[in-house]
Amino acid sequence: MAEEIKVILPDGATRSLPAGTTGGELAALIGRRLGEAAIAVAVDGELWDLSRPLFAGAKVRIVTDDTDEGRAVLRHSTAHVMAQAVTELWPGARFAIGPPIADGFYYDFELPGGASFSDSDLERIEEKMRQIVGEAQPFVREEHTAEEGLELFSDQPYKKEVIESLPAGEQVTAYRNTDRFVDLCRGPHVPSTARLGHFKLTRVAGAYWRGDEKRQQLQRIYGTAWESVAALEAHLKRLEEAEARDHRRLGTELDLFSFPSEIGSGLAVFHPKGGIVRLAMEDYSRARHEAAGYEFVYSPHISKSNLFETSGHLDWFADGMFPPMELDDAQRYYLKPMNCPFHILIFKSRSRSYRELPLRMFEFGSVYRYEKSGVVHGLTRVRGMTQDDAHIFVTREQMPGELQSTLAFVLDLLRDYGLEEFYLELSTRPEAKAVGSEEEWAEATEALRQAALAMNLELVLDEGGGAFYGPKISVQAKDAIGRTWQLSTLQLDFQMPQRFEMEYVGPDNARHRPIMLHRALFGSVERFFGVLLEHYAGAFPTWLAPVQASVLPVRDDHAPYAAEVSHRLSAVGLRVETLQATEPLGGRIRRAKLEKVPYVLVVGDDDVAAHTVGVNARGSERPERGVSLDELVAHLGADAAPPFRRSRPTAASGAQ
RNA sequence: GCCCGGGUAGCUCAACGGCAGAGCGUCCGCCUUGUAAGCGGUUGAUAGGGGUUCAAUUCCCCUCCCGGGCUCCA
């Protein structure tokens, strides 16, 4: 009789097995299908290869290939196969790291003679990979001492560096695929390359060794890999969908905005259709801010250098600023990267009483930032943008309440723009560098935490992630296809009030320093515009849509009635266009639909006679004939109203 | 900034180193139309600069602009 061991399964049951039984064998014993789907085994929470023998008392969980954990294993193994393919195609290639990432994997290489990959190489590499998969090479785990590892990878400097960075005395592991390829790796891996095959190499890129731009730049290849053809295809489909709602593409298709190269990188112009959307966005924001007790200020785009010396921007933000303009008297002027110093000067324009606080100054402020040329991206990363910026000056006692009401206001407003799902991130004191006392930080961080908790949302801690001048909360929003965007930030600032020696007179008739809160909801109007455009895939809700209704007379002689319909709708505030009968109805409907107009209204003989309209609403299956004009005007008038007039009788319940 | 790829008409895309083309759009006619493409015509482009060549959209260099990426750490 062979010796027996007992292992514990996830449901708490124990199972007796012959000593030496591996995770893979256990999976097959539990069930044939589980045995086939198994890709690794979690032993006491640690992922193991299926081929490793289990030990007595182990808590064992079989990991299948259709889970995130399982896919990470097969992606990691696919990365090894890619590395083998590359080393066979480019003898002497050095390889660095090749981890699984969300939806795929990458591997970094340094090719002999400083060569680099081009897109056309991907096909060759894929072909080689398929060959390796076809060979059903086993992944064999080996354990070595660090010294043996250094010897084994003597011609692989990146691997050696990894080994040298490990704690002294630690064992290293390697995985061998036949005698042609061995890679330093923690594992685990699939038992054989035959388990792989549903992959696609997606792009080549440069990447710095260990992400450090001072170090060697390597050649990175990204790929994706899945447990089945169906899963791979579903993934590629999702990518297509995301591409179809890319705001840069929709911006061109819907004639909303563009980036004329004559102007410069990262500098957008909004066309009339985009302009009206933006106007609607901004008007609503203004109305809500006004109702919430904000005051409106305006400030110029440029300033003498001394302002940014006082604010500290030239010390810690100079890299993000455009170079200065030199004037005749050797005075230097800068484009402003932030609005705060200007608002502070408004605060300081006269003495302030505690009775004026909280003082909330709002501005759609244009700022300019010198983003590195490689990072500008559509509307989401630009060099010139408009922040929906406000600075709130409060007493220390007012801070907790103001934070909470501001956060409530922010979330309420974002919901009005149609975003539904959020989580919050709290960034705390960076240990290395921070101004202000420990007590100040603790108090402010706690106030932020309490405000966040009051929102009943998931709160993620970003330990040490705050700026040196204060902690912050950022609002992360999920869009219609599940992507998260960092939007609003609420930032406390201990630095500026000090640097500018801001003061107010308290009830004790003594001078006190106010606390300053920076906050933006959209982040920038441009970026938020892009986020909403992607969120709605171009189909803005009626109140934001550039054209809210298109009126289509069937024949020329219906034009007078079409004009009446148009006038009635305009009178209740709708943006209406009329497509005259210069081409057949089908073509005009198609054009209006492609422009994602919420209501396409067709009027013909029946409608003229009965004072009705044919309504083809966006998203509905069938058009509705014979809707009375009065009814239509009432319905569309309500649908086109901004959210707070519609659903919020106590409009601005936000900040008190 | 750095690596890879790219820039042809308003848009989407063609064109061995040898006359730069199509569809959509624009504009003009005709058609007079009931729920996602009527017909005909018209207009319109090689990002900018330099080089190689008898000849450059095509090959080389520079500038500008765009796209992907630049630690989810063996």
Side-chain angles (χ1 to χ4, degrees), chain A residues 72 75-76 79-80 83 95-108 114 116-122 149 153 156 158-163 165-166 170 172-175 183-187 202-222 243 246 248-249 252-253 255 258-267 271 319 370-378 552-559 580-595 600-607 614-617 620 622-626:
Chain A
R75 284 166 188 159
H76 195 178
H80 275 230
F95 38 109
I97 60 170
I101 55 174
D103 291 342
F105 61 89
Y106 66 82
Y107 216 120
D108 288 344
S116 51
F117 296 118
S118 70
D119 290 338
S120 57
D121 290 326
L122 295 184
F153 294 101
Q156 290 290 348
Y158 300 105
K159 296 294 176 190
K160 282 164 68 178
E161 189 175 324
V162 169
I163 294 171
S165 67
L166 293 174
E170 187 149 321
V172 301
T173 55
Y175 280 78
D183 192 1
L184 179 72
C185 185
R186 192 153 42 199
T202 49
R203 50 187 175 262
V204 303
Y208 297 100
W209 172 232
R210 303 212 147 171
D212 182 349
E213 64 182 273
K214 290 183 198 66
R215 305 198 62 178
Q216 176 75 32
Q217 183 156 36
L218 305 170
Q219 296 282 311
R220 174 172 297 180
I221 299 179
Y222 282 92
E243 200 187 322
D246 188 310
R248 294 162 302 185
R249 177 198 183 110
T252 302
E253 282 177 8
D255 196 15
S258 61
F259 293 89
S261 59
E262 291 86 343
I263 299 177
S265 183
L267 299 166
H271 302 191
D319 285 349
Y370 186 74
E371 301 285 355
K372 286 195 287 185
S373 66
V375 305
V376 296
H377 177 92
L552 282 56
V554 173
R555 266 194 331 267
D556 270 349
D557 54 314
H558 303 130
Q580 297 299 349
T582 53
E583 61 172 314
L585 190 60
R588 285 179 284 154
I589 288 173
R590 180 163 191 271
R591 274 202 282 150
K593 289 289 185 185
L594 287 176
E595 282 178 32
V600 177
L601 308 173
V602 176
V603 293
D605 287 335
D606 302 348
D607 300 297
V615 180
N616 189 333
S620 70
R622 301 200 152 277
E624 190 181 350
R625 289 284 296 273

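What you see below is based on every heavy atom in this structure, not just the backbone, and it leaves out hydrogens, waters and symmetry mates. Throughout, protein chains are lettered first and strands after them, A, B, ... in sequence-line order, and every chain is numbered starting at 1.
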Rounded to whole Å, how long is the line connecting atom CZ of Arg591(A) with atom P of rG38(B)? 10 Å

When the distance from CG of Asp246(A) to C1' of rG68(B) is rounded to whole Å, what number comes out? 12 Å

Look at the side chain of Arg590(A) and decide which nucleotide, out of rU32(B), rC73(B), rA37(B), has an atom nearest to it. rA37(B)

In whole Å, measure the gap between the P atoms of rG10(B) and rA47(B) for me. 12 Å

Distance, rounded to the nearest Å, where Asn616(A) contributes CG and rU35(B) contributes C1': 6 Å

Complementary nucleotide for rG23(B) - Watson-Crick or wobble, under 3.5 Å: rC11(B)

Mind checking if Arg210(A) touches a base, just sugar-phosphate, or nothing, with heavy atoms under 4.0 Å? base

Using a 4.0 Å heavy-atom cut-off across all strands, classify Tyr158(A) as base, sugar-phosphate, or nothing. nothing

Who does rG1(B) pair with, Watson-Crick or G-U, both distances under 3.5 Å? rC70(B)

Using modelled atom types and a 3.5 Å cut-off, is there a donor and acceptor pairing between side-chain atoms of Glu213(A) and backbone atoms of Tyr208(A)? no

Between P on rU71(B) and CZ on Arg220(A), what's the gap in Å once rounded to a whole number? 6 Å

Categorize Leu184(A) for me: base, sugar-phosphate, or nothing, with a 4.0 angstrom heavy-atom threshold over every strand shown. base

Using a 4.0 Å heavy-atom cut-off, does Pro260(A) contact any base of the nucleic acid, only the sugar-phosphate backbone, or nothing at all? nothing

Euclidean distance, atom CH2 of residue Trp209(A) to atom C1' of rC70(B) [Å, nearest integer]: 14 Å

Give a yes/no answer on whether the side chain of His377(A) brings an N or O atom under 4.0 Å of OP1 or OP2 in rC66(B). no

Would you classify Gln217(A) as touching base, sugar-phosphate or nothing, given that sugar-phosphate means primed atoms plus P, OP1 and OP2, and contacts are heavy atoms under 4.0 Å? base

Just call it for Asp607(A): base, sugar-phosphate, or nothing, with non-hydrogen atoms closer than 4.0 Å on any strand. base

Roughly how many Å is it from CD in Glu595(A) to P in rC24(B), rounded to a whole number? 18 Å

May I ask you to check if Arg203(A) and Tyr222(A) form a cation-pi contact, with NZ or CZ under 6.0 angstrom from the six-membered ring centre and within 45° of the axis? yes

Val162(A) side chain, from C-beta outward: closest of rA74(B), rC3(B), rA36(B): rA74(B)

Has Arg622(A) got a side-chain N or O lying under 4.0 Å from the OP1 or OP2 atom of rA36(B)? no

Looking at Ser261(A), does any N or O in its side chain come under 4.0 Å of the phosphate oxygens OP1/OP2 on rC64(B)? no

Taking atom P of rC2(B) as reference, at what distance in whole Å does atom CG of Asp212(A) sit? 16 Å

In whole angstrom, what separates Phe95(A)'s CZ from rC73(B)'s C1'? 17 Å

Under 4.0 Å between a side-chain N or O of Thr202(A) and OP1 or OP2 of rG68(B)? no

Face-on cation placement of Arg75(A) at Phe105(A) ring, 6.0 Å and 45° thresholds: no

Do Tyr208(A) and rC2(B) have a side chain to base donor-acceptor pair shorter than 3.5 Å? yes

Arg248(A) vs rG67(B): side-chain N/O to OP1/OP2 distance below 4.0 Å: yes

